[in-house]
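No experiment lies behind these values; they were computed from the predicted model shown. Values below: all heavy atoms of this structure, side chains included; hydrogens, waters and symmetry mates excluded. Start at 1 and go down the list; that is how both ligands and their atoms are numbered.
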Amino acid sequence: MATILNNEILDMLCDNIARNGEGTLTLAGVNLASLAKKYGTPLYLYDEGKIREKCRAYISAANELFDGGARVMYASKAASFKRLYEIMREEGMGIDVVSVGEIYTASAAGFPLEHAYFHSNNKTDHDVEYAIKSGVGYFVVDNVEELYSIDRIAKELGIRQRVLLRITPGIDPHTYEAVATGRVDSKFGSAIETGQAMDITAVALSLESVELCGFHCHVGSQIFDAEVYIAASRVMLRFIKDVKLSLGFEASILDIGGGLGVRYVESDPYLDIRATLSEVAAAMKKHARELEINLPEIGFEPGRSIVADAGLTLYTVGTVKRIPGYKTYVSVDGSMADNPRHALYGSPYTILPVSRELPADTEICSVVGRCCESGDILAENVPVPQDIKRGELLACLTTGAYHYSMASNYNRLTRPAVVMLRDGEDYVAVKRETLEDLTRLDV
Ligand code: LLP
């Protein structure tokens with residue numbers, strides 16, 4: 001019974017996680033207890049093969065399904081460190097960057113920045129200059145102020161900067177509020193509904209040192225329904241047609257953002273990348289035909305669905321506190337500093353013992369961190385062995401996206417190392433922070 005439950009959870013969440021003959025969890029065939037011993041905990045782990053598999057799934061589907069061509073840009077806010085940009089370069093992916101810090105990291109990894117889209121709703125003049133000088137291929141322009149800044153700085157630097165305009169199509173992606181960015185009431189982009197999208201397009205076309213190439217939208221994150229993209233693309237293609245009629249400009253690129261959902265827990269649906277893209281492609285071609293426009297080159301910006309289930313985090317249990325009549329708190333050596341997602345979004349997780357199967361007798365607990373804050377909860381309602389105690393290893397699954405990249409030094413906790421697994425071998429991609437690192441910038 002317990003074995004079935006375990007295997008079901010594992011197969012369902014990700015095919016790279018399994019149990020070996022001794023019942024110990026493995027990721028990409030590597031024993032997790034051995035990795036915890038070698039590197040200590042908390043520890044972020046990535047299966048390099050899984051990341052590459054996802055990149056290839058996107059690129060092959062995008063290339064085969066879209067007649068007008070397609071490009072896939074990894075949204076590197078999901079996880080940003082040098083090794084990942086090297087993998088993206090090797091896989092022929094583009095990247096989406098959102099800050100000078102991400103541009104710098106990608107550049108330090110030797111990523112060819114002409115294949116980068118630079119986002120952000122508030123690029124300072126310094127950001128604009130840094131990105132242009134770094135050779136960033138495209139700016140995804142959020143607003144008119146930014147357009148003027150790019151035009152002025154590009155002129156000073158003697159170049160013409162290629163841009164896309166970020167448009168808000170007004171689609172509600174049925175996802176959680178905090179990450180729903182495609183609606184009209186949003187800090188991102190220019191809305192079609194208010195006329196601002198057409199206005200900014202006219203401004204872009206009037207500027208000498210800006211080369212308008214097309215449009216961008218992003219409707220949200222952790223989306224499980226292809227219909228959301230189909231609805232957004234219908235609105236965007238209609239807008240492209242209206243722009244052609246009103247301003248005589250024909251967009252050559254339409255980027256429809258990222259957001260494909262992944263499974264954190266059993267109740268999350270499974271989304272097949274190719275099947276989803278295929279539905280979107282068929283609908284887009286149909287819309288374009290109906291509107292009598294050419295389908296532009298289509299861009300995708302997946303972040304989570306590239307790296308999330310390639311990753312997991314290992315923790316060691318510390319204090320186990322049972323409050324009779326209330327609940328049990330199992331504390332681990334990590335916290336909201338290495339995983340703020342439950343604290344921020346109430347996100348659920350699957351957490352499993354590393355060194356043994358989940359027994360038939362479990363106890364439901366809250367897995368909490370060691371920050372000095374009651375909200376420092378990693379997951380609620382987690383079944384753990386009734387005899388769980390200090391020293392037991394736990395694995396929190398599906399932590400490859402928005403964990404390391406959102407980690408902080410809150411409570412002066414040091415950030416965990418990032419270890420990658422490749423062909424049965426392990427190697428460090430990001431070193432564990434030391435206490436000295438914590439005071440490095442203090443004067
Ligand atoms: N493109 C744009 C313009 C975006 O804003 C985002 C995510 C993406 C692409 C990638 O979306 P993805 O494929 O990863 O869903 N910290 C939150 C997620 C915030 C997403 C923000 N934008 C979380 O941990 O769930």
Novice: For the pair Lys123 and Asp142, find out whether any cationic side-chain nitrogen is under 4.0 Å from an anionic carboxylate oxygen.
Specialist: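 Salt bridge: no.
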Novice: Heavy-atom distances under 4.0 Å are what count here, so tell me which part of Asp96 touches ligand 1: side chain, backbone, both or neither.
Specialist: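 Side chain only; the backbone of Asp96 stays clear of ligand 1.
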Novice: Looking at the rings of Phe81 and Tyr404, which for Trp means the six-membered one, are their centres under 6.0 Å apart?
Specialist: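 Between Tyr404 and Phe81, which both carry aromatic rings, the centre distance is below 6.0 Å.
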Novice: Nearest 0.5 Å please: distance from the CD1 atom of Ile95 over to the NE2 atom of His115.
Specialist: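 One finds 10.0 Å between CD1 of Ile95 and NE2 of His115.
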Novice: Would you say the side chains of Ser149 and Asp125 form a donor-acceptor pair under 3.5 Å?
Specialist: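 A pair is found: one side chain offers a donor N or O, the other an acceptor, under 3.5 Å apart.
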Novice: Need the ligand 1 atom indices (1-based, order shown) with element for anything under 4.0 Å from a heavy-atom of Ser221.
Specialist: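 Per the distance check, 11 (O), 12 (P), 15 (O), 20 (C).
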Novice: Side chain, backbone, both or neither: which part of Phe188 comes within less than 4.0 Å of ligand 1 when only heavy atoms are counted?
Specialist: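 Under 4.0 Å from ligand 1, Phe188 contributes no heavy atoms.
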Novice: Is the shortest N/O to N/O distance between Leu260 and ligand 1 below 3.5 Å?
Specialist: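 Checking ligand 1 against Leu260, no N or O pair falls under 3.5 Å apart.
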Novice: Are any of the side-chain heavy atoms of Arg263 and Asp309 separated by less than 4.5 Å?
Specialist: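 Not in contact.
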Novice: Looking at Pro302, which atoms of ligand 1 are within less than 4.0 Å of one of its heavy atoms?
Specialist: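 Counting atoms of ligand 1 from 1, those under 4.0 Å from Pro302 are 13 (O).
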Novice: Please work out which of the three classes, parallel, tilted or perpendicular, describes the rings of Tyr130 and His126, given edges at 30° and 60°.
Specialist: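 If you compare the ring of His126 with that of Tyr130, the planes turn out tilted.
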Novice: Would you mind running through ligand 1 and noting each atom that sits below 4.0 Å from a heavy atom of Glu301?
Specialist: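 Going through ligand 1 atom by atom, the ones under 4.0 Å from Glu301 are 1 (N), 2 (C), 3 (C), 8 (C), 9 (C), 10 (C), 13 (O).
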Novice: State the atoms of ligand 1, each with its element, that fall below the 4.0 Å cut-off from a heavy-atom position in Gly259.
Specialist: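 The atoms of ligand 1 under 4.0 Å from a heavy atom of Gly259 are 11 (O), 12 (P), 13 (O), 15 (O).
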Novice: Taking atom CD of Glu373 as the centre, does the number of heavy atoms from other residues, nucleotides or ligands within less than 6.0 Å exceed 12?
Specialist: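 Yes, CD of Glu373 has more than 12 neighbouring heavy atoms, counting only those of other groups under 6.0 Å.
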Novice: Give the atom numbers and elements of ligand 1 that come within less than 4.0 Å of a heavy atom of Met406.
Specialist: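 That gives atoms 16 (N), 24 (O) of ligand 1.
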Novice: Taking atom 25 (O) of ligand 1 as the point of reference, which of Met73, His216, His218, Arg304 owns the nearest heavy atom?
Specialist: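 Selected option, by shortest heavy-atom distance: Arg304.
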Novice: Closest by any non-hydrogen atom to atom 2 (C) of ligand 1: pick that one out of Lys77, His119, Gln222, Arg166.
Specialist: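 The nearest heavy atom belongs to Lys77.
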Novice: Report yes if Tyr402 has an N/O atom closer than 3.5 Å to an N/O atom of ligand 1; otherwise report no.
Specialist: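 Yes; the residue has a nitrogen or oxygen that sits under 3.5 Å from a nitrogen or oxygen of the ligand.
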Novice: Should Gly303 be counted as touching ligand 1, given the test is an N or O pair under 3.5 Å?
Specialist: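 So ligand 1 has an N or O lying under 3.5 Å from an N or O of Gly303.
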Novice: Quick check: are there more than 12 heavy atoms from other residues, nucleotides or ligands sitting under 6.0 Å from NZ of Lys155?
Specialist: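 Yes, the 6.0 Å shell around NZ holds more than 12 heavy atoms from other groups.
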Novice: Under 3.5 Å, is there a donor on one side chain and an acceptor on the other for Ser305 and Tyr58?
Specialist: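 Indeed, the side chains of Ser305 and Tyr58 share at least one donor-acceptor pair under 3.5 Å.
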Novice: Quick check on contacts: which atoms of ligand 1 are under 4.0 angstrom from a heavy atom of Ala75?
Specialist: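 Close to Ala75: 8 (C), 9 (C), 10 (C).
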